[in-house]
S.K.: 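Please read through the structure below; I'll follow up with questions.
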Amino acid sequence: RCGSPPIGENKRKLYKGLMMNLQRLRVALGFAFALLYLLLARPVLGWWLIGIATVSIGLGIRVWAAGHLRKWQQLAISGPYRFTRNPLYLGSSLIGSGFSIASNESFLLVLFLILFATIYVPVMRREEKELFTLYGSDYRTYSKNVPFFVPKFTQSSDSTKRSTFSWRRALLNLSLIHISEPTRPR
């Protein structure tokens, strides 16, 4: 088999290709999940209230994170970024989990968690590589002190570099208003 890649390398390429396709399909998969949710949900008041509370916490985390994010301009280490490197994804996971809980259908919660882990963990890893490239040793230090996803509630970041929350930034980052956004460096 002269010139052919080792079997392990083929598997790695196949896996990487599959993950990239899933990441590209994440919006379509989200709509498919929403349709499945509508078909299977059998909400009852107690689970609905717990689910909506979880959704509300997730939305709050996303707004809080977006208000501290200066995309492609400054490493975000303030607000919820002090506790997790991925608060926007954490908020999204709580929103999806909350809707799944509200459905009173455990299958939907399990399916959501599998889809989230399969699609978004690789996205977070890819974005982390971009942040290492963009911010170098600052990001390396930050990543050693702040967990990847599950929050650790300690004051981990350098308080001298904190930015303040901005509603304008939150709305811009959540795409609720259309303002000229800084472009991503290439």
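Everything quoted here is computed from the prediction, not taken from an experiment.
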S.K.: Please list, chain by chain and in numerical order, all residues satisfying side chain to side chain contact (heavy atoms under 4.5 Å, CB included) with Leu39, sequence neighbours excluded.
M.R.: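 Side chain to side chain contact (heavy atoms under 4.5 Å, CB included) list for Leu39, sorted by chain: Leu35.
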S.K.: Group every Ile, Leu, Val, Met, Phe, Trp and Tyr by side-chain heavy-atom contacts under 4.5 Å, then state whether Phe107 and Val44 land in the same group.
M.R.: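 Yes: a chain of side-chain contacts under 4.5 Å links Phe107 to Val44.
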S.K.: Restricting to non-hydrogen atoms, name the atom on Ser100 and the atom on Leu108 that form the minimum distance, rounded to 0.1 Å.
M.R.: OG-O, 3.6 Å
S.K.: To the nearest 0.5 Å, tell me how far Arg168 CZ sits from Asn173 CG.
M.R.: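 Answer rounded to 0.5 Å: 10.5 Å.
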S.K.: Apply the test side-chain contact (heavy atoms from CB on, under 4.5 Å) to residues Thr141 and Tyr135: give CA-CA distance (whole Å), side-chain angles for both, the deciding distance (0.1 Å), then the verdict.
M.R.: CA-CA 10 Å; Thr141 301; Tyr135 297 110; over 6 Å; no
S.K.: Could you label the plane-to-plane angle of the Phe153 and Phe83 rings as parallel, tilted or perpendicular, counting under 30° as parallel and over 60° as perpendicular?
M.R.: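 Tilted, since the angle between the ring planes falls between 30° and 60°.
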S.K.: May I ask whether Leu94 and Val150 are part of the same hydrophobic cluster, defined by side-chain heavy atoms of I, L, V, M, F, W, Y residues being less than 4.5 angstrom apart, directly or through others?
M.R.: yes
S.K.: Count I, L, V, M, F, W, Y as connected when their side-chain heavy atoms are under 4.5 Å apart, and connections chain through other members. Are Ile52 and Leu45 then in the same cluster?
M.R.: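 Yes, because Ile52 and Leu45 connect within a single hydrophobic cluster, where side-chain heavy atoms sit under 4.5 Å apart.
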S.K.: State the OG-CG distance between Ser143 and Asp138, to the nearest 0.5 angstrom.
M.R.: 11.0 Å
S.K.: Counting N and O atoms only, with roles assigned by atom type, does the side chain of Tyr139 sit under 3.5 Å from a partner on the main chain of Lys129, one being a donor and the other an acceptor?
M.R.: no
S.K.: Counting neighbours of CH2 on Trp47 that are heavy atoms of other residues, nucleotides or ligands and sit closer than 6.0 Å, is the number greater than 12?
M.R.: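 Atom CH2 in Trp47 is not crowded, with 12 or fewer foreign heavy atoms closer than 6.0 Å.
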S.K.: For the residue pair Phe149 and Phe116, categorise the inter-ring angle as parallel (less than 30°), tilted (30 to 60°) or perpendicular (more than 60°).
M.R.: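 The rings of Phe149 and Phe116 sit tilted, inter-plane angle from 30° to 60°.
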S.K.: Could you pull out the closest heavy-atom pair between Thr84 and Phe148, with the gap in Å?
M.R.: OG1-O, 3.5 Å
S.K.: Residues in salt bridge (charged side-chain N to carboxylate O under 4.0 Å, His left out) with Arg125, at least two apart?
M.R.: Glu128
S.K.: Are any side-chain N or O atoms of Tyr81 and backbone N or O atoms of Leu75, one a donor and one an acceptor, separated by less than 3.5 Å?
M.R.: no
S.K.: Can Leu38 be reached from Leu40 by stepping across I, L, V, M, F, W or Y side chains whose heavy atoms are under 4.5 Å apart?
M.R.: yes
S.K.: Between the side chain of Thr118 and the main-chain N/O of Leu115, is any donor-acceptor distance below 3.5 Å?
M.R.: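 Not confirmed, Thr118 side chain does not pair with Leu115 backbone.
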S.K.: Nearest 0.5 Å please: distance from the CG atom of Leu131 over to the OH atom of Tyr142.
M.R.: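 It comes to 9.0 Å.
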S.K.: Looking at His68, Gln74, Gln73, which one forms a side-chain hydrogen bond (donor to acceptor under 3.5 Å, both in side chains) with Arg70?
M.R.: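 In the set His68, Gln74, Gln73, the residue that makes a side-chain hydrogen bond (donor to acceptor under 3.5 Å, both in side chains) with Arg70 is Gln74.
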S.K.: Could you state the interatomic distance from OG1 (Thr54) to CG (Leu49), rounded to the nearest 0.5 Å?
M.R.: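 Between Thr54 OG1 and Leu49 CG, I get 10.5 Å after rounding to 0.5 Å.
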S.K.: Would Leu36 end up clustered with Val110 when hydrophobic side chains under 4.5 Å apart are linked, directly or stepwise?
M.R.: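 No, because Leu36 and Val110 fall into different hydrophobic clusters, even though each may have its own neighbours under 4.5 Å.
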S.K.: Any sub-3.5 Å donor-acceptor pair from Ser93's side-chain atoms to Leu90's backbone N or O?
M.R.: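 Confirmed, Ser93 side chain pairs with Leu90 backbone.
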S.K.: Just jot down the side chain to side chain contact (heavy atoms under 4.5 Å, CB included) partners of Ile95, sequence neighbours excluded, or say none.
M.R.: Val55, Leu59, Arg62, Phe99
S.K.: How close do Phe112 and Ser92 get, heavy atom to heavy atom, and via which atoms?
M.R.: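 Smallest heavy-atom distance, with atoms named: CZ-O, 4.0 Å.
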S.K.: Determine the minimum heavy-atom distance between Val146 and Arg82, stating which atoms define it.
M.R.: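 That would be CG2-O, 3.8 Å.
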S.K.: For residues Pro43 and Ala102, report the shortest heavy-atom separation together with the two atoms involved.
M.R.: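 Closest heavy-atom pair between Pro43 and Ala102: CB-O, 3.3 Å.
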S.K.: How long is the straight-line distance from CG of Leu69 back to CG of Leu172, given to the nearest 0.5 Å?
M.R.: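 Here the interatomic distance stands at 9.0 Å.
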S.K.: Looking only at heavy atoms, which two atoms of Met124 and Tyr89 are closest? And how far apart?
M.R.: CG-CD1, 3.3 Å
